[in-house]
Amino acid sequence: MSILNGLNSEQRKAAEKIDGPLLILAGAGSGKTRTVTYRIAYMVLEKEISPYKILAVTFTNKAAKEMKIRVESLIGIEAKKVMISTFHSFGVRLLRVHATKLGYDANFNIYDADDQKKLVGRLMKELVITNKQLTPASVVSKISKYKEDGDEPSDITKEAYNTDTKVIAAVYEKYAEELIKNNAMDFADLLINTNKLLDDPEVLEKIQDRYEYVMVDEYQDTNNIQYQIITKIARKHKNICVVGDEDQSIYGFRGANIRNILDFEKEYKDAMVVKLEQNYRSTQNILGAANSIIKLNTTSRGKNLWTEKDKGNLIEIFSASDGRAEADYILQEVIKGKNNGRSYKDYTILYRTNAQSRVFEEAFLRHRINYKIFGGMQFYQRVEVKDILSYMRVINNPKDTVSLFRIINVPKRKIGAKTIEKIKDFADENEIMFFEAMGRVEETKLGSAIKVTVFRLYEMLNKIIEESQFLTASEIYDMILEKTNYMNYLTTYDDKFEARIENVKELRTSIQEMEDSEEYEGFINIGEFLERTALVAATDDLEEDTDYVKLMTIHNSKGLEFPVVFLVGMEDELFPSAKADFSDDDLEEERRLCYVAITRAEEKLHISHAFERMVYGRISYMREPSRFLKEIDEKYVDYVNKSKIVSKNINLENKKNKLEGLNIITKADFKVDSKSPFKIGEKVTHKKFGTGIIKDVEVGKRLVIRFRDGDKKLPLILAEKFLIKE
DNA sequence: TATATCGTTGTTTTT
DNA sequence: CAACGATATA
């Protein structure tokens, strides 16, 4: 009796193929994790492969954790010997051992986007960059792209064809140097440097022999560096199993290359390909809707997802007058469901951008409904939390000037930009690190009072550093808070200080929890702790049992499933994003994102859009329903507002309906002013304001036109000159 | 050097 | 709307 009896025939075929290359094309909800975990169990239990020889790579900690738990439930304690890890943690692990080979110390810090921006901003100041178009954020994003594509600064400098590119190349070069000086790596470096390490024949051989069997989850989301890492490790034994779904490739913007999965068979000519097409998650209607959309993509290799489940409910489409009404509708649905035996935890709201969470948060707060937002402003990114983490990072790695500069005047110590500059000059002259220069502040040209202040800080940090190797992370946290009197400082910070104090306390709790966990058995050192905080993902702490409504971006929902899903904000320019309007590739990625969203739902899917919504604090009018709404085959949907999506000439101010929270779409009754060439309700284009709709014609005088960013009043004479009728 | 105030600017999506 | 930076003022 084989353990594989628990699988369907296709899953089984995939699980049994242990040697040689294997591509598992796993449609949404097709039991991918089940297949992979059974495959591992089969290898260990029935093929007598040592669990130490198996490497399984995922993208998020949550996925890794789940895989571990499920393997453990199949094979017990042996599961701990299988290396199941995210790409980034796997890399970090290797890098800690071999850091010196690349010019780093083992205790390197990991820089997040925020740190990158800070550092790049500093370098841009030093290089005196005049182009206002180039912001630290935009330069960071360019640099990251280069890094993901494997371009070194010198490659860019060589090929730089315009001044902007030259400037960016210069920043990139300094940035790369500075990272090494700071003994820090950004996210891209974790992969790039891992890949570099594998160019060392000794390291490579060791890894290849250690991991004879390699598995990669979500292969459609691998970028070129990840592809290289995997290819190198698997080159020797060729036992590579990749699992993925090209229709769920949604990370192109961060370098994911969909070709990796599409070309797998070209790369490995003898690869076995298994398609998992039976879906165990969703109803027929949900699957039908998903299929009707994704088939419009040219990158889709076509699959036939099917289910034994019932047709289920139709997908409910709700047209709201504005964002508030949309939130109210969902609120009502949740309350209704709760009264009919559903739990809050059955509901999940999915949106395209983090900013959209706000309206829902407010609605839930008003009605005291438990909810939790995943992603967005991360806990570890909050000012007060990041402050403490920065102290810890300086203690872990005093070369880290990004962290050191962050806390050097927090709490306020009167150490300002001028002081920092002078210490920095001294450090540069003597070729010592900034932190060391603080210790020798006596030799600088600073005033005597500030010298004392700087030296005190140096001494304080140094004392903690000296003791830190014997201390656990929570003890270091305690020392920092005590010696800086940070809580006291927070009370004077702003009017949200109470919440901030809570967050700092919560940080203490999170350290404690990690310490107490099985993995660390009471002791976690500061480096391990910092690493954990740097590599957390938004949904890592998602708890299935806690009774709250979940809110997250569609990106964060990948790999998850929920009984009832509300897909909200289905409007053009929001979803698909306005930025994806110009290229087919981008549009297809947006469509895949839509496919991911729909296939998260198990039993019931609601889709909604609003005609007006607050964007950037102003009201955006006349919002078009998303093209994706129109792409769903009609037979799967039910328009709860009793009207199909006809987006032209909508009466926007149907107050009565607004009051009820429901907006029935009706045709506007247009007034006609026979004298004017312009009529109320007509769509017009203005070269500056874009398209608008005529709201009012003041006879013989002027027009009131509602544009996207508000009402404008145009005298008739000007209107005749500047308006184009559609 | 710290603080107050004003103006500008931006938002995809994330390990 | 907020976060951030530039500028003015103490």
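So you know, we letter chains A, B, ... as the sequences are listed, proteins then strands, and number each from 1.
- What separates CD1 of Ile420(A) from P of dA2(B) is a distance of 10 Å, to the nearest Å.
- The side chain of Tyr251(A) lies closest to dT14(B) when the candidates are dT14(B), dA2(B), dT11(B).
- Taking 4.0 angstrom as the limit, Arg254(A) places none of its side-chain polar atoms (N or O) nearer than this to OP1 or OP2 of dT12(B).
- The Thr353(A) side chain lies nearest to dT13(B) when the options are dT15(B), dG10(B), dT13(B).
- Both thresholds, 5.5 Å between centres and 30° between ring planes, are met by Phe187(A) relative to the base of dT15(B), so the two rings are stacked.
- Atom pair Asn61(A):CG and dT14(B):P shows a separation of 15 Å (rounding to whole Å applied).
- Each of Thr419(A) and Leu574(A) was matched to the nucleotide of DNA chain B holding its nearest heavy atom; the match closer to the 5' end belongs to Thr419(A).
- At the phosphate of dT15(B), neither OP1 nor OP2 sits under 4.0 Å from any side-chain N or O atom of Asn223(A).
- Interatomic distance, Lys386(A) NZ to Asp115(A) CG, rounded to the nearest 0.5 Å: 3.5 Å.
- A salt bridge between Lys32(A) and Asp217(A) is present, with a side-chain N of the basic residue lying under 4.0 Å from a carboxylate O of the acidic one.
- Among the nucleotides dG10(B), dT1(B), dT15(B), the one closest to any side-chain atom of Thr60(A) is dT15(B).
- Tyr351(A) places none of its side-chain heavy atoms less than 4.5 Å from the side chain of Ile554(A).
- At whole-Å resolution of the value, NZ in Lys118(A) and C1' in dG5(C) are 13 Å apart.
- The separation of dC4(C) from dT13(B), taken at their P atoms, amounts to 16 Å, rounded to a whole angstrom.
- Checking dT13(B), dT15(B), dA2(B) against every side-chain atom of His88(A), the shortest atom distance belongs to dT15(B).
- For the pair Leu446(A) CG and dT1(B) C1', the interatomic distance rounds to 14 Å; values are reported in whole Å.
- Nucleic acid contact class of Asn409(A) (heavy atoms, under 4.0 Å, all strands): sugar-phosphate only.
- Ser144(A) and Ser141(A) are not linked by any side-chain donor-acceptor pair at a separation below 3.5 angstrom, with hydrogens and angles left out of the test.
- The nearest heavy atom of DNA chain B to Ile450(A) and to Thr553(A) marks one nucleotide each, and the one closer to the 5' end goes with Ile450(A).
- For dT15(B), one of the phosphate oxygens OP1 or OP2 lies less than 4.0 angstrom from a side-chain nitrogen or oxygen of Asn556(A).
- Straight-line distance from the CG atom of Asp114(A) to the C1' atom of dC4(C): 12 Å, rounded to whole Å.
- As judged by a 4.0 angstrom heavy-atom cut-off over every strand, Phe253(A) is placed among the base-contacting residues.
- Contact check for Ile230(A) versus Phe87(A): side-chain heavy atoms found under the 4.5 Å cut-off.
- Within the 4.0 angstrom heavy-atom criterion, no nucleotide atom of any strand lies near Thr86(A).
- For Asn354(A), counting side-chain heavy atoms from C-beta on, the closest listed nucleotide (dG10(B), dT1(B), dT14(B)) is dT14(B).
- No N or O donor and acceptor, one from the side chain of His555(A) and one from the base of dT14(B), sit under 3.5 Å apart.
- Listed candidates were dT14(B), dT12(B), dT1(B). Nearest to the side chain of Lys414(A) is dT1(B).
- Panel note: side chain Glu218(A), backbone Val243(A); no donor-acceptor pair is recorded below 3.5 Å.
- Look at OH on Tyr489(A): it is 12 Å from C1' on dA2(B), rounded to the nearest Å.
- Between the CZ atom of Arg122(A) and the C1' atom of dC4(C) there is a distance of 19 Å, given to the nearest Å.
- Rounded to an integer number of Å, the gap from Lys117(A) NZ to dC4(C) P is 7 Å.
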